[in-house]
There are 2 protein chains.
Amino acid sequence: MNSEFTLAIHSLTLLALQPDRMSTSDAIAESAGVHPVRIRKVLSLLKKHGFIKSKEGNGGGFIFALDLEKVNLWDLYKTTSEGTLQPKCPESNEQCIVGANMQRVLFAIFLGAEEHMGEYLKDYTIKEVIDLINQEQ
Amino acid sequence: MNSEFTLAIHSLTLLALQPDRMSTSDAIAESAGVHPVRIRKVLSLLKKHGFIKSKEGNGGGFIFALDLEKVNLWDLYKTTSEGTLQPKCPESNEQCIVGANMQRVLFAIFLGAEEHMGEYLKDYTIKEVIDLINQEQ
DNA sequence: CTTACTGTAATAATAAACGTTACAGAATGA
DNA sequence: TCATTCTGTAACGTTTATTATTACAGTAAG
């Protein structure tokens, strides 16, 4: 699984817990244990899809833009990782009936798998993630 | 997705189409477009789990050992790729409530996702894969 | 006893992921 | 106005994961 997906979850969860002030990429990076530039790259995607707002300059940062019960993990998966379940098959032998067609068959199967996983991920909103985090305490 | 999974599917599909003779790792590698040693490594796993039989020496090779309607993609996923859906989170900040608990929460969620995907993959047996390959013709 | 295989370890090459540096642009406040 | 603190990106370097390759022991057949 693409780790941008988990960084997106992590970032949004943090932002959801700070609903009334801007959080900087440095602070989020500190919590997630990765480099701030990477966080900014992921947040740039989230902003493009309307999950968050950002503000440049002194006192700027990122803030959650939507209702945390309306954002689910499937939304985030589609934004950060769609298609990554798909295995990267090497070019196989076109002379062989299996080699020639396996790629297409697997593509269709994994597309279905991704959609099916989507149904599962839709059940987890950021609110649920926060509840789970609090249960761990 | 782990590419050993797709190599397992590819190999078993080929073997299922040659039920009455041994296939060599060279022949399978040729069809799949990868190195024979890699195929032997994957087939070694499949043998360990009883999906195939092998024979060394001249005239040897690999042959399917089970009913092709009884082997499904979830069996193969478990054999080759179990746990690979799990993202590898970096060590996050234990001082932060989110950083300290996110890893455990995500682990549980992705474990559920894998099980859920299992239900989908169980619907595809090697027989179904072969049917799909033939439909592509 | 040679040839054609599997089985597996070790190493080399390649590709993907990730971290780091650099710098432009925007907002703030002194 | 100008220093400071942010975002936004591109470019580059480093590390890690994946894959290919080499090497060789062991087995069976003819």
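In the text below, chain A, chain B and the rest are named by the order of the sequence lines, each starting its count at 1. Only this structure's heavy atoms are used, side chains among them; waters, hydrogens and symmetry mates stay out.
Residue B:G61 is classed as a sugar-phosphate contact, given heavy-atom separations below 4.0 Å to backbone atoms only. Residue contacts shown for B:V34 are limited to sugar-phosphate atoms, with no base heavy atom under 4.0 Å away.
Taking the side chain as every heavy atom from C-beta outward, A:I39 and A:F62 never approach each other to under 4.5 Å. At least one side-chain heavy atom of B:V129 sits less than 4.5 Å from a side-chain heavy atom of B:L73.
Contact check, B:T24 against C:dA4: no side-chain N or O comes under 4.0 Å of OP1 or OP2. Distances shorter than 4.0 Å separate none of the side-chain N or O atoms of B:S3 from OP1 or OP2 on D:dT18. Phosphate proximity of D:dT7 to A:S25: present, with a side-chain N or O under 4.0 Å from OP1 or OP2.
Interatomic distance, CD1 of A:I63 versus CE of A:M22, reported as 5.5 Å (0.5 Å rounding).
The nearest whole Å value for the distance from the CZ atom in A:R40 to the P atom in C:dT20 is 13 Å. Atom P of nucleotide C:dT6 and atom CG of B:L15 are separated by 11 Å, given to the nearest angstrom. As a whole-Å value, the separation of A:K41 NZ from C:dT21 C1' is 16 Å. If you take CD1 of B:I63 and P of C:dT6, they are 13 Å apart, rounded to a whole angstrom. When rounded to the nearest whole Å, the span between CZ of A:F62 and C1' of C:dA27 equals 14 Å. Taking atom CD1 of B:I39 as the reference point, atom C1' of D:dA20 lies 13 Å away to the nearest angstrom. Rounding to whole angstrom units, CG of residue B:D26 and P of C:dT3 are separated by 17 Å. What separates NE2 of A:H35 from C1' of D:dT9 is a distance of 14 Å, to the nearest Å.
Under the 30°/60° scheme for interplanar angles, the aromatic rings of B:Y77 and B:W74 are found to lie parallel. Using bins of under 30°, 30° to 60° and over 60° for the plane-to-plane angle, the ring pair A:F110/B:F5 lands in the perpendicular bin.
With hydrogens and angles ignored, no donor-acceptor pair closer than 3.5 Å exists between the side chain of A:R38 and the base of C:dG19.
The 5' end of DNA chain D is approached more closely, in terms of each residue's nearest nucleotide, by B:K88 than by the other of B:G33 and B:K88.
No more than 12 heavy atoms of other residues, nucleotides or ligands lie within 6.0 Å of NZ in A:K53, so this atom counts as exposed by the packing criterion.
For the segment residues 46-57 of chain A, the set of residues with a heavy atom within less than 4.0 Å of an atom of DNA chain D comprises A:K47, A:S54, A:K55, A:E56, A:G57, in numerical order.
Not a single donor-acceptor pair under 3.5 Å links the side chain of B:E69 to the backbone N or O of B:T125.
The side chain of A:N58 lies closest to C:dT28 when the candidates are C:dA4, D:dG8, C:dT28.
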